[in-house]
Amino acid sequence: MDGLLLFIAGLIASSAVAMVVGISFALILPGIERKVQARIQQRVGPPILTPGWWSVLKFMYKSKVEPIAQMPAFYKSLVLIGIVIVSFLLLFVTPYWWSILGWGSILGIAGLLKLEEVLYVLMGSQSQSIMSSSMPVPDLAKGSKFIGIRREFNEQHSAERSLKMMAIGSIPLYLGLVVPFIAAGSGMLNAVVSLQNPDYIVSNWMAIPIPSKPLLFTIPGAMGAIVYFLGFVMLMNEKPFSILKAKIDVIEGGVLEYASSLRAAYYLMRNLLMFSLSSIFNTLFLGIPFDPFMPSMMLINMLLSLIPVVSMATLAAFSPILTFRQIYPAAMGISAFGVLAMILASSL
Amino acid sequence: MTLKSIARKNAVHVMLFYSGGCNGCDIEVVNAMLSPRYDLEQYKVMLTWNPREADVLLVPGVVTWQMLEPLKKIYAMIPDPKAVVAVGACAVNGNVYKNLVGDIGVNEEIFAPVETVIPVDVKIPGCPPRPEDIIMGAVKGLPKLMGAP
Amino acid sequence: MITFLRLMLTGAYRNIVRVLVKGDRATSMDLRNSVLNLSVPPTPTVLDEMCIGCSGCFHVCPTKAISMVKLNTPVIIIEGYVKDQVPRIDLMKCIFCLNCHDTCPIYSVFGEAAPIHARDVGMPHMILKEVLKKPVMAPPETIQALSKLIPPSSLSLIQREGVTKP
Amino acid sequence: MIQEKQTEKKVIEKELSFGPVHPALVEPYRMRFFVNDEIVEDCEININMAYRGIEKLFEGLPVEKALLIAERVCGICSNVHAWNSVRVIEGGLGIEVPQRANYIRVLVHEFQRITSHLFFFGHAFEVLGHETFAMRSFLLRENFMDLLQYVGGNRVMPSVPIIGGIRPRADLNESLKKVITERVDAFESKYKDYLNRAVEDPLVMSRLSGIGYLTKEDALKFYATGPTGRSSGWNYDLRREMKEYKPFDYDVIVLNEGDTKARVVSRALEVLESLKIIRQIVKGLPEGPVVNRSWVAKKMDYTVSYVETYRGELMHSYGLDQGGFIRNYKIRTPTITNLAAMEQACIGDHVTEAILTIASCDPCLTCCTRTEVIANGKSRIMSDAEIIQRFGWRK
Ligand code: SF4
Ligand code: SF4
Ligand code: SF4
Ligand code: SF4
Ligand code: SF4
Ligand code: SF4
Ligand code: SF4
């Protein structure tokens, strides 16, 4: 009985610490991302805290407005659901959750990611921004031959694209995700970490257990990491895979109508997702989990999570948006690479 | 300073609205944003294309009949507090389009200055203003945002 | 492909330098400082040295954007003619029609760069005395039109010194 | 347009519309794409959102003022509008222009061609989603914005030409010539680096090539002038006929591919030709006066003047009445003839690529819009009577 109470108290405490640290850190990431890009673009760029922290705070202080959406209440709830999903994603990397109902497993992570993707589709089909076909300009009287055709909102178009991205674009992430589990021969995060970092499981909270054989430095692990990284870029909708919120046609896609505190929530969701995915990367490929009760692990995990973020920023600075003409072959190539990594991993 | 005004000072999102000027001001605004030499972002000002995200609306140019409704709508879409910056002589006083009109007397095709359509907080003169003037204008819009409830 | 790889490598090096030590940054730091100090200098619109203070521009401006300000110390241009005022443009009212520029006698009579330009008047490359010695090159209609805008003293200054064109 | 398309009985699923306020557009216009899945089956570009009544503004103005309004037709081509506006009266009344003035006019024109093309790259890369290259284009463009500022006093509206020559403000002195030479040299090496880098980038090239085909027949049919037509193999450049360009030696870039890549490449190469012209001007600038002031405005018949601008062929025309006041000013600008070609070229592509194709034709429509037939807000065609009732001053 006591053991259970202690466990629950630990769970709550670790979750609280994880959330506070995770959110504070996640909101610094966009600033770093932007700063790196700015430096590449030979300019000064915004201060580190501006794109994350200050923007979110500022949006919180803006007056409430009702979004224009098919079902405003549902649309508003979507972003909150998103935050919950992403928070769980982050919590799943903290060891306390690994023993609950098997959530700290590949299935838990993959399931949440899938939910996250579905959110974009739902958002897109809900939002009806003024920026698309409801812009008040007299354009129907231009004598078009196509009178009475269905006029689609850009967001809906973006939702269709997210469906396509779900079908093809998200495969690499899952393949990359699976590789470490295959290597560990288990579906549980616990096994993946202990395979790479046996010291970690047995050491106390002050220790600094260095992973003895990180997967990243094996061939299948490295391949899996690359695939995972590209999948990460796809899920973050960053360039070059940002077709579903390609600024030049659908502007921001489904999230167009989020204003004031909802926009703050959207920023939070995106940045927390970015951090969670990088944190998962470190857990899976380096064996360094985000453990609130082991400060060394937590710090190393946070520092290392800059690597995927900075790489993504660099990649985004140097690539155009790809259209499906390029995404299909690219995603298939990457997936094939991922499958190869899986096969190699199984022989590990 | 409250946290509110510090946050507002440290993150400003501007939206550019092409209202129908000659393009000169529009491109100078784009220059101020995109040219690394001016780099608007270093002043904590970020470009957006979504009125829901914006704090400051930049209106360069006279407002034409067709852009009147979109301008009013987009202005209404921006959540409070918001500021409007009139960029260039066109937006400030109608420029030659309003004032140098030969035989026709009054040009009824355009709405100028922008003040006649939506409330304007900062005016930047010049035809076109230099990017540095535009940046200064955007910075001058800050106190209004910061002071708002 | 080879060239691409070479570009990739040199580019990677250049960009790492850029990211880590702000290499070849293009942002103008002077500008940054002056923006942060709220001290961006305005464009020069009037060249006081080249102006004869005739107030032609003041009268011709369609939006009353020009005001003539008294000089603290009046300047003697040539004996018998003292310049005691120069124009100032209020850019908030200006519509950049360049009427002022086109009317200014320095431009319209002598064909030199006028000392007033609503956008940017530039650097003087003439001395006012020299200009006034040049023969008058404007057609009589221009002088006629000018006489309605500027006081007789200024007009006589122009015609006394210059030689009216046949 | 595209009458034949109708007979094919295409089933079109839906319409996507963008603009007039949209990140892909640098001025107000509206693009309507009629798509199946994501493939564009037909396209309609709605212009006239920037209608300011410019042609009517000229009516009754003294002719010296024409160039100042003409310059305000557009902020990218500002100089060429002012230039062409004075060319009309110079042609109509036979006003002699000193050679030095002609040289400087061409110089400023070529400066603006380069800034316009670099703006085009900036815009095209922005549409491509490549922010870094867009910023580099804008950075390179600054060189020539500075030069325009030095010459004319403003980065965008240099107000250089006047009837009979150029403003003395814009005359070149030795030190300015030196600055120009230095800047042009520095620019050239940087620009070549930038081009190499862009051409070698497989991602960028995979986005550009293979889309937006415009055949030579279509280019001729829709009268796509300028680089848009020239990159479809139509060897037509008005500069060959302009006497101002006689002294200079340069190549006209003609490409045969006709796709989006060709349109980008042809402009990239044109910049290098412009540099050649600029060097020749600075080297061979004749001495002499910069303006011929011995002309009087008098009655002039309706006169037309054509100039090759950065996007194609530009026409200005007007007549003068007895008092020397402007009557019947008409402008026909390059983009208006390129519009139909744009609409044609983007058919059959993915929506994102169609927008790129349109951007690759370098649309800029502030100058195209003069005839408004739709009442604001209401989507209906107004009758003539209504127009007159509403805008009584038209008659
Ligand atoms: S102020 Fe001048 S540059 Fe700006 S839009 Fe108006 S005419 Fe164009
Ligand atoms: S340019 Fe400005 S100051 Fe000069 S006359 Fe015109 S409105 Fe007046
Ligand atoms: S018209 Fe020329 S000379 Fe006369 S006051 Fe104006 S600027 Fe000075
Ligand atoms: S056809 Fe168009 S461009 Fe030609 S005169 Fe008429 S309105 Fe002007
Ligand atoms: S084509 Fe027209 S709108 Fe485009 S830059 Fe030239 S004048 Fe301006
Ligand atoms: S034909 Fe005339 S009214 Fe119709 S789109 Fe062309 S310019 Fe506009
Ligand atoms: S006929 Fe119509 S479009 Fe043509 S000049 Fe008259 S009012 Fe303008």
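A, B, ... follow the sequence lines: proteins, then strands. Residue 1 opens every chain. Just so you know, these numbers come straight off a predicted model, no measurement behind them.
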> Between atom CD1 of B:I27 and atom CZ of D:R141, what is the distance when rounded to the nearest 0.5 Å?
Replying inline: 6.0 Å
> What distance separates B:W49 CH2 from D:L25 CG, expressed to the nearest 0.5 Å?
Replying inline: 8.0 Å
> Taking every heavy-atom pair that is under 4.5 Å apart, which of B:G126, B:C25, B:P131 has the most such pairs with chain D?
Replying inline: B:P131
> Do you know which of D:M157, D:E142, D:M145 has the most heavy-atom pairs with chain B at a distance under 4.5 angstrom?
Replying inline: D:E142
> Which bit of D:F58 comes within less than 4.5 Å of chain B, counting heavy atoms only: side chain, backbone, both or neither?
Replying inline: neither
> Quick one: does B:T64's side chain have a donor or acceptor within less than 3.5 Å of a partner on D:R52's backbone?
Replying inline: no
>> With a 4.5 angstrom heavy-atom cut-off, is it the side chain or the backbone of D:E71 that approaches chain B, or both, or neither?
In response: neither
> Under 6.0 Å from the NZ atom of B:K9, do we count more than 12 heavy atoms belonging to anything else shown?
Replying inline: no
>> Need one label for B:I110: side chain, backbone, both or neither, based on atoms under 4.5 Å from any heavy atom in chain D.
In response: side chain
> Hey, does the side chain of B:D26 reach the backbone of D:E27 with a donor-acceptor pair shorter than 3.5 angstrom?
Replying inline: no
>> Is D:H22 in contact with chain B via its backbone, its side chain, both, or neither, using a 4.5 Å heavy-atom distance?
In response: backbone
> Which heavy atom in B:N23 sits nearest to a heavy atom in D:G75, and how many Å separate them?
Replying inline: CB-N, 3.8 Å
Indicate every side-chain donor-acceptor pair of residues 85-95 of chain B with a distance under 3.5 Å to a residue at least two apart or in another chain.
unit_1, atom_1, unit_2, atom_2, d
B:N93, OD1, B:N95, N, 3.0
B:N93, ND2, C:M92, O, 2.9
B:N93, ND2, C:K93, O, 3.1
B:N93, ND2, C:C94, O, 3.0
B:N95, OD1, D:R72, NH2, 3.4

>> To the closest 0.5 Å, what do you measure between CD (B:E28) and CG (D:N154)?
In response: 7.5 Å
>> Does any backbone or side-chain atom of D:V26 lie under 4.5 Å from a heavy atom of chain B? Answer side chain, backbone, both or neither.
In response: both
> What parts of residues 132-139 of chain D touch chain B if we use heavy atoms and a cut-off under 4.5 Å?
Replying inline: D:M135, D:F138, D:L139
> What part of D:R30 is in contact with chain B, defined as an atom under 4.5 angstrom from a non-hydrogen atom: side chain, backbone, both or neither?
Replying inline: neither
> Is any side-chain heavy atom of B:N107 closer than 4.5 Å to a side-chain heavy atom of D:L57?
Replying inline: yes
>> Heavy-atom pairs under 4.5 Å with chain D - which of B:G20, B:C22, B:S19 has more of them than the others?
In response: B:C22
>> I'd like to check B:I74 versus D:V21 (side-chain heavy atoms, cut-off strictly below 4.5 Å). Are they in contact?
In response: yes
> Hey, what do you get for OH (B:Y97) to CD1 (D:I69), rounding to the nearest 0.5 Å?
Replying inline: 8.5 Å
> Who passes side-chain contact (heavy atoms from CB on, under 4.5 Å) against D:D362, sequence neighbours left out?
Replying inline: D:S116, D:F120, D:R267, D:R311
> Can you list every side-chain hydrogen bond (donor to acceptor under 3.5 Å, both in side chains) pair that touches residues 125-135 of chain B, not counting sequence neighbours?
Replying inline: B:R130-B:D133
> Got a second to check how far D:N46's CG is from B:Q66's CD, nearest 0.5 Å?
Replying inline: 8.0 Å
> At a heavy-atom separation under 4.5 Å, does B:V62 approach chain D through its side chain, its backbone, both, or neither?
Replying inline: side chain
> Roughly how far, to the nearest 0.5 Å, is the OG1 atom of D:T115 from the CG atom of B:N31?
Replying inline: 10.0 Å
